[in-house]
Amino acid sequence: MSMPVPVVWSADCLRHEPAGEVWLGLRDPGTEVPDRALVLRAALEAAGAPVQDARPHDDAILRTVHDPRLVGHLAGIWADWDQAGLPADYGRDRVVPYLFPTGAMLAGLPLRVPPAAHARAGLFCYDTMTLVGPGSWEAIRGAVDAALTAAGLVGSGARLAYALCRPPGHHATRGGYGGSCYLNNAAVAAQALRVAGAAQVAVLDIDAHHGNGTQMIFYDRPDVWYGSLHVDPGAGWFPHYAGYPDERGRGAGHGYNWNLPLAPGTGDEGWLDALDVLCVEARELRPDAVVVSLGLDAAAEDPESPLQVTAAGYREAGRRIAALAPAVFIQEGGYHLPTLGPLAVATLQGAAEGAA
Ligand code: SP5
Ligand code: ZN
């Protein structure tokens, strides 16, 4: 069977070369590399999926999901960093903050915007692993366009679509970036579906990590439900500070946020059982559309998580999720290059079965 799911991508995604990550004070090679997009695209194309380019969209929806100051910062910080001579004169080839104006530092002082690029680098960033370089902005914005294009397909009647977003997005909050994510592609897709007429949207996040950004963007809202299964953040895994079961939403959004942390080592059976719990909750909402944060890093081979899911598990997940409602799949993490393509193909084949 040839793969019937439209794949949307932006060639600009290849221009983001984070050139590693600073983890615990040292620069490591990093796993969020441009080749991820190339292997995903090649595998989906080989499976028969129609591939289309992302269409450019204006910033209207992006600016309702994110603080416009974050958007402006990401668009300009590389040029400012370069202009300040940090690469040429100091050997700092990527934007890496060294100072974060957290509540612990400010203790009530007003948040100022210091003009120096090396000072401002920490204003919207919450870790040292999410580097910005010369082509990063074009890729970041291209990923948003891919998500908006795929959401547009489903918003106008397609049963399934997949956005090959790179860089990923689910760790990006309304006003901050981190976790290899800059702008929240899945949140933008969910908001676009709301604007297109879906009264209730369900976001299902099956990346190995908790999507703290998406959770917080919709934390106060009942119209976009968020459910996530992920490795237990309390067991030593990113994002460490969020993703616990007692985070249920706030105000009108209370009850519309679900976290199911899983023990390291959890395989297909435990993972799919947890997915079923989320699917039961989601189905009760009668969602008009589903957004899937499709991280492939729960796979057994993945270097960034201790979950042990197989391609058969991903296929089954695709089947069960797509049975809920029309679904937009947004690429999130997944870092083991040899298996990334087969995992994506398996998921979308399952989705096509579930949607039939
Ligand atoms: C989108 C996404 O999957 N983001 C995940 C970010 C988590 N990165 C944590 C990196 C920690 C350092 N890497 C250690 C690799 C050990 N094999
Ligand atoms: Zn992840």
Side-chain angles (χ1 to χ4, degrees), residues 13 16 18-37 40 96 125-132 136 139-140 143-144 146-147 163-173 176-189 203-217 226-243 259-262 264-266 271 291-309 314 317 329-337 339-340 343-344 347:
C13 75
H16 174 51
E21 60 183 32
V22 176
W23 188 57
L24 308 183
L26 295 179
R27 181 95 159 245
D28 286 338
T31 49
E32 205 293 282
V33 295
D35 276 350
R36 296 178 60 246
L40 284 166
V96 185
C125 184
Y126 64 77
D127 67 30
T128 59
M129 308 186 300
T130 310
L131 278 47
V132 175
S136 294
I140 293 162
V144 168
L164 204 179
C165 293
R166 176 178 184 272
H170 73 152
H171 297 304
T173 62
Y177 72 97
S180 301
C181 300
Y182 303 83
L183 295 174
N184 197 314
N185 308 306
V188 167
V203 180
L204 270 164
D205 190 330
I206 62 171
D207 187 279
H209 305 98
H210 176 247
N212 59 298
T214 317
Q215 165 173 296
M216 295 319 296
I217 286 168
Y226 177 79
S228 178
L229 59 163
H230 47 266
V231 63
D232 184 356
W237 296 89
F238 190 89
H240 304 287
Y241 294 94
N259 289 323
L260 293 184
L262 302 169
T266 298
W271 192 70
V291 173
V292 186
S293 266
L294 176 57
L296 299 169
D297 45 5
E301 300 81 1
D302 198 277
E304 297 288 356
S305 114
L307 299 179
Q308 298 288 323
V309 178
Y314 268 99
F329 287 76
I330 304 287
Q331 184 63 48
E332 301 283 2
Y335 306 99
H336 183 248
L337 294 174
T339 53
L340 215 44
L343 288 163
T347 309

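No hydrogens, no waters, no symmetry mates; every other heavy atom, side chains included, goes into these values. Each ligand, and each atom within it, is numbered from 1 in the order the structure gives.
Here His209 meets the criterion, with an N, O or S atom under 2.8 Å of the Zn ion (ligand 2).
Considering Pro167, Pro168, Cys125 as possible partners of Tyr182, the one that fulfils the side chain to side chain contact (heavy atoms under 4.5 Å, CB included) test is Pro167.
The distance from atom NE2 of His210 to atom CG of Leu260, rounded to the nearest 0.5 Å, is 10.0 Å. Note that the CG atom of Leu131 and the OG atom of Ser180 stand 9.0 Å from one another [nearest 0.5 Å].
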Can you produce the list of protein nitrogen or oxygen atoms under 3.5 Å from a nitrogen or oxygen of ligand 1, alongside each distance?
unit_1	atom_1	unit_2	atom_2	d
ligand 1	3 (O)	His209	ND1	3.3
ligand 1	3 (O)	Asp297	OD2	3.0
ligand 1	3 (O)	Tyr335	OH	2.6
ligand 1	4 (N)	His171	NE2	3.3
ligand 1	4 (N)	Gly179	O	3.1
ligand 1	4 (N)	Tyr335	OH	3.4
ligand 1	13 (N)	Glu21	OE2	3.2
ligand 1	13 (N)	Glu304	OE1	3.4
ligand 1	17 (N)	Pro303	O	3.1

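The Zn ion (ligand 2) sits nearest to atom OD2 when only the N, O or S atoms of Asp297 are considered. Taking the N/O/S atoms of Asp207 in turn, the shortest distance to the Zn ion (ligand 2) belongs to OD1.
What you find for Gly169 and Asn185 is that their closest heavy atoms are N-ND2, 3.7 Å. The two residues Leu40 and Ala344 come nearest to each other via the heavy atoms CD2-CB, 3.6 Å.
Inspection of the Gln215 and Ser228 side chains reveals no N or O donor paired with an N or O acceptor under 3.5 Å.
Side-chain N or O atoms of Asp297 include one that pairs as donor or acceptor with a backbone N or O of Ala208 at under 3.5 Å.
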